Asks: 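Handing you this structure, nothing more for now.
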There are 2 protein chains.
Amino acid sequence: MFTKQELIEFCDNARKNYLDHISIDCVVFGFHEGQLRVLTLKMKNEESWYLPGGFMLKEEPIEMAANRILKERTGLDEIFLQQFQVFGDPNRSRPHRDMYKDILPASENWFTNRFLTIGYYALVDFVNVNPTPDNHSENCAWYDLTDLPDLKLDHALILKTALDTLRLQLNYQPIGYNLMPKEFTMPELQKLYETILDKKLDRRNFQRRMLGFGILNRSEEPRKGGAHKAPYLYSFDLENYQNALKEGLKGGW
Amino acid sequence: MFTKQELIEFCDNARKNYLDHISIDCVVFGFHEGQLRVLTLKMKNEESWYLPGGFMLKEEPIEMAANRILKERTGLDEIFLQQFQVFGDPNRSRPHRDMYKDILPASENWFTNRFLTIGYYALVDFVNVNPTPDNHSENCAWYDLTDLPDLKLDHALILKTALDTLRLQLNYQPIGYNLMPKEFTMPELQKLYETILDKKLDRRNFQRRMLGFGILNRSEEPRKGGAHKAPYLYSFDLENYQNALKEGLKGGW
DNA sequence: TACTATTGTGTTCAAAATACACCATATTAT
DNA sequence: ATAATATGGTGTATTTTGAACACAATAGTA
């Protein structure tokens, strides 16, 4: 929560640089060792959590804005973000209006204008990534999907919609490139799918189907040093992966 | 194209009523007897065609705005519109800026501000629908997809993206409810799929699969009066149809 | 050296998609 | 009337894909 002084400065700056009425919110899913989590920010002086979001510069392309915002707010860079929906209920920012109504009149408070927010989502390996909060935020935290804090505004809805979209996407697009390390084992990749879908899959059928997509390369050398039998290492075939993103994995008709 | 006087009036009105920086454009696919077409508008005094689009009221929900805009500009009402993507290249409205740069300075011309446009698409039966142009438009026309006029701004991109989305959607969602008459024959429905996909399908396999989805009811009475054997009539089972929209037709994993 | 946990690689059975053939019916040409 | 024809309904064999399941291989450990 802004103090009055901070708010006035923020609004002055925003009016100069940002496009009014449009914001971006990012749902960053993090995965590691069977854990699926979401990146959230806690605002200073406010007992509530938000998805990392922000505003667009007046002449900035949308995708660039999404990447910049995510980087500024969490330090995450070069993350593949996917646009999935615009949220624009006229009342979605009512909590902010209520919060600030006695501090600055609505007419002067750019921050509580109506905003449509463009939802983006991403998948990352949350140990390869080091979220660092920006000035407005007290803390970045990875929350387990089953144990979420109270998300402000419509951010719970945005999160749920992102998850639904991700699960649907799993059926016709490859995932994992931004999420798995360069080399990974088949059981590791399977764990990702199982975690997103919240469902057990058959080892052997998973492998056959996955290989059938033709987006994986198998290394000569299996992983060594672990306990038990040494598994093969796989990596994504970038060209085929990109192609599968465009074309879809298996046509229906 | 606006005259200077019209433009000034339009901008005055827009500033009062519309949300700045956001517009909506609709891709209305029309289908009839094997023809797939797109609804386009020709502006007065301008040799160019547009998708029907417009602006949001300051406190209007997005979906409501999309429906209102489509109705105002074409007369089409109660059409199921599906949001599919936001287009926001900073240069997308450059043609409009160039067009009006000598008529009204950009600082006074709300119309040439930067706009992000939210893309919606719909499918309708174009003989059940009677598009009537609004004041700004000289003409509404259904164009064949293979014979499109020059679409202004980024509207060709929006159309192409909508078509790609529609084709992809065909694989995991039912379509046709807004498009087919209440009762229709299986060959008629097949023709729709073939037209959208631009590909021939097997009659018998199509029917089996379609019925397998469980979203169709067969009437007792076959259609009469046509030449040749009387075909059965089908209608959509609304409840199952809606459910299939939400759940998808066949899960992958 | 046997035990255990994990991974690799089938094989079988069922379901679904594909390819293809035949019958039914309403109009039209003779 | 009757045959020709165009269109629509239904069935069947084959192939492909998906689901369920079992056994062999390997590295660490008791």
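Below, read A as the first sequence line, B as the second, and so on, with proteins coming before strands; counting in each chain starts at 1. Owing to the predicted nature of the structure, the values given are computational and were not obtained by experimental measurement. Just the heavy atoms: all of them, side chains too, but no hydrogens, waters or symmetry mates, feed the values below.
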Asks: Could you state the CG-P distance from B:Asn205 to C:dA19, rounded to the nearest angstrom?
Replies: 8 Å

Asks: Any idea which of C:dA26, D:dG8, C:dT9 is nearest the B:Pro187 side chain?
Replies: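 Shortest atom-to-atom distance from the side chain points to D:dG8.
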
Asks: Rounding to a whole Å, what distance do you find between B:Tyr234:OH and D:dG8:P?
Replies: 12 Å

Asks: To the nearest Å, how far apart are B:Gln207 CD and C:dT18 P?
Replies: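 Nearest whole value for this atom pair: 16 Å.
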
Asks: Could you tell me whether B:Arg218 sits above the aromatic face of B:Tyr232, with NZ or CZ closer than 6.0 angstrom to the six-membered ring centre and within 45 degrees of the axis?
Replies: yes

Asks: Assess the pair B:Phe126 and B:Phe31: is the distance between their ring centroids shorter than 6.0 Å?
Replies: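 When the ring centroids of B:Phe126 and B:Phe31 are compared, they turn out to be at least 6.0 Å apart.
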
Asks: What about B:Asp202: does its side chain form a donor-acceptor pair under 3.5 Å with the base of C:dA17?
Replies: no

Asks: Roughly, in whole Å, what's the span from CE in B:Met210 to P in C:dA17?
Replies: 13 Å

Asks: Expressed in angstrom and rounded to an integer, what is the separation of B:Arg209 atom CZ from D:dG11 atom C1'?
Replies: 20 Å

Asks: Take the protein atom CZ of A:Arg203 and the nucleotide atom P of C:dA5, then report the distance between them rounded to whole Å.
Replies: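 Spelled out: CZ on A:Arg203 to P on C:dA5 is 14 Å.
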
Asks: Would you kindly check whether a donor in the side chain of A:Arg204 faces an acceptor in the base of C:dG8, or vice versa, at under 3.5 angstrom?
Replies: no

Asks: Whole-Å distance between D:dC21 C1' and A:Leu201 CG?
Replies: 16 Å

Asks: CE of A:Met186 versus C1' of D:dA25: gap in Å, rounded?
Replies: 18 Å

Asks: Assess the side chains of A:Ser219 and A:Glu183: does a donor N or O sit below 3.5 Å from an acceptor N or O?
Replies: yes

Asks: Please determine whether a side-chain nitrogen or oxygen atom of B:Arg218 lies at a distance below 4.0 Å from atom OP1 or OP2 of D:dT10.
Replies: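 Affirmative; the distance criterion is met.
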
Asks: Below 3.5 Å, does any donor atom in the side chain of B:Arg208 face an acceptor in the base of D:dT12, or the other way round?
Replies: yes

Asks: When you look at A:Phe84 and A:Thr161, which way does the side-chain contact (heavy atoms from CB on, under 4.5 Å) test go after all the steps?
Replies: CA-CA 9 Å; A:Phe84 68 99; A:Thr161 308; 3.8 Å; yes

